[in-house]
Amino acid sequence: MRNRVIIENIQPQLQGGRHAIKRIVGERVDVSADIFGDGHDSVRASLLYKELSAKKWTEIFMTPEPNDRWTASFTPDGQGLHEYKIEGWMDHLLNWHNGFVKKHQDGQHMGVELQIGAQWLRKAAEQYPKAGAAKLTQAAALLEDKKGYEKAVASIVSPEFHQLVHAFPLKQFVSTPEAVYRVRVGRPKELFSSWYELF
């Protein structure tokens, strides 16, 4: 699959992930990276983390900052090794929504855009369990109702629809760097031991 999102300069990390960074229980890990796409489509990114022995990753959507820098944080809740990584993707559902809002503000008729949006919503629904999929397919059905044009347009430009699109992104052309980074989480007293060693 074609990778359309570039992820560089992931921090914090030691020697490209060959060594684990150190934290104590309850100490936050602030993660950042340079993330950008190969065109003008909307880019999204996630921070994923888990205990080393766990099978399931916890996902946190990253926040875009100036100059293509993205940030997110997580807090390990137990001692031992944890690992984290970043993935980025093109989100055509978000791209469509941003374009829809702009065209609507320009006074354009949105009949065709409603049908396109319904297709993106149904495609996104395929990526989620029943609860999330139901919300997306329900929204798609509203857009497909040709007798409910005004209602559909009002829904799309609402804050609730904005939240839906951001909560359930359409992931395509996902890029994930090969390196997975680790953090060794110790007890709080280890922090004081480290300070003692400095003196």
Side-chain angles (χ1 to χ4, degrees), residues 1-7 28 30-49 56-75 85-176:
M1 181 178 289
R2 179 185 174 193
N3 291 330
R4 295 188 56 196
V5 175
I6 307 300
I7 303 174
R28 190 177 69 189
D30 296 320
V31 181
S32 61
D34 295 329
I35 304 175
F36 50 92
D38 65 359
H40 298 290
D41 290 334
S42 297
V43 173
R44 294 287 302 275
S46 286
L47 167 66
L48 299 103
Y49 70 95
K56 186 177 180 180
W57 294 87
T58 297
E59 180 178 22
I60 299 175
F61 295 135
M62 301 187 76
T63 301
E65 307 288 350
N67 300 318
D68 296 321
R69 196 68 178 165
W70 291 67
T71 60
S73 303
F74 73 98
T75 303
K85 63 181 181 179
I86 291 176
E87 66 177 23
W89 65 92
M90 293 293 187
D91 189 342
H92 287 103
L93 176 58
L94 176 60
N95 199 57
W96 163 82
H97 183 246
N98 291 338
F100 187 102
V101 173
K102 292 178 181 177
K103 292 177 182 178
H104 173 64
Q105 290 173 344
D106 289 339
Q108 298 183 33
H109 188 272
M110 307 305 294
V112 174
E113 289 296 325
L114 288 174
Q115 300 309 307
I116 294 174
Q119 293 175 10
W120 287 129
L121 286 164
R122 292 193 180 280
K123 193 170 187 65
E126 298 173 358
Q127 301 179 349
Y128 294 97
K130 291 184 178 179
K135 293 180 180 179
L136 293 165
T137 53
Q138 184 178 4
L142 178 63
L143 272 59
E144 291 167 341
D145 183 4
K146 295 182 179 180
K147 295 182 180 180
Y149 175 84
E150 297 295 339
K151 184 178 179 180
V153 171
S155 172
I156 294 171
V157 298
S158 69
E160 291 76 16
F161 196 93
H162 176 82
Q163 293 173 3
L164 177 70
V165 169
H166 280 264
F168 299 99
L170 172 58
K171 294 187 178 183
Q172 295 179 302
F173 308 109
V174 177
S175 298
T176 303

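Residues take their numbers from the sequence shown, with the count starting at 1.
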Here's a test for you: under side-chain contact (heavy atoms from CB on, under 4.5 Å), which of Thr176, Ile7, Leu48 qualifies with Ile86?
Ile7
Among residues at least two apart in sequence or on other chains, which ones pass side-chain contact (heavy atoms from CB on, under 4.5 Å) with Ser155?
Leu142, Phe161
Not counting sequence neighbours, which residues clear side-chain hydrogen bond (donor to acceptor under 3.5 Å, both in side chains) with Lys123? List them please.
none
Going by side chain to side chain donor-acceptor pair (under 3.5 Å), name the pairs with one or both residues in residues 99-115, residues two or more places apart or in two chains.
Trp96-Glu113, Lys103-Glu113
Test of understanding: with side-chain hydrogen bond (donor to acceptor under 3.5 Å, both in side chains), list the residues that count as partners of Trp120, not counting sequence neighbours.
none
Residues that Ser73 engages under side-chain hydrogen bond (donor to acceptor under 3.5 Å, both in side chains), provided they are two or more places apart
Asp30
Heavy-atom count around Gln127 CD within 6.0 Å, excluding the residue itself: above 12?
yes
Taking all atoms of both residues into account, what is the closest heavy-atom pair of Leu143 and Ala118, and its distance?
CD2-N, 3.7 Å
Going by side-chain hydrogen bond (donor to acceptor under 3.5 Å, both in side chains), name the residues that satisfy it together with Lys135, two or more places apart in sequence or in a different chain.
none
Of all residues at least two apart in sequence or in a different chain, which pass the side-chain contact (heavy atoms from CB on, under 4.5 Å) check with Asn95?
Asp41, Ser42
Please enumerate all residues that pass salt bridge (charged side-chain N to carboxylate O under 4.0 Å, His left out) together with Asp34, with sequence neighbours excluded.
Arg69
Mind listing the closest non-hydrogen atom pair of Ser32 and Met62 along with its distance?
CA-CE, 4.4 Å
Do Thr58 and Phe74 have side-chain heavy atoms sitting under 4.5 Å apart?
no
Tested for side-chain contact (heavy atoms from CB on, under 4.5 Å) against Val43, the lone hit among Ile6, Asp68, Val5, Asp91 is Val5
Just by modelled atom types, is the Pro169 backbone N or O under 3.5 Å from a matching donor or acceptor in the Tyr128 side chain?
yes
Look at the side chain of Trp70 and the backbone N and O of Ile35, then say whether any donor-acceptor pair between them is shorter than 3.5 Å.
yes
Enter the distance from Ile116:CD1 to Gln119:CD here, rounded to the nearest 0.5 Å.
7.0 Å
With sequence neighbours left out, write down each residue that passes salt bridge (charged side-chain N to carboxylate O under 4.0 Å, His left out) with Lys85, or none if nothing qualifies.
none
Who passes side-chain contact (heavy atoms from CB on, under 4.5 Å) against Glu150, sequence neighbours left out?
none
Determine whether Glu87 and Glu59 make a side-chain contact, defined as any pair of heavy atoms from C-beta on separated by less than 4.5 Å.
yes
Heavy-atom side-chain contact between Phe168 and Leu93 under 4.5 Å:
no
Would you check if Arg44 and Lys171 make a side-chain contact, meaning some heavy-atom pair closer than 4.5 Å?
no
Can you name the residues that form a side-chain contact (heavy atoms from CB on, under 4.5 Å) with Ala133, not counting sequence neighbours?
Ala125
With the side chain counted from C-beta on, respond yes when Phe100 and Leu114 share a heavy-atom pair under 4.5 Å apart, and no when they do not.
yes
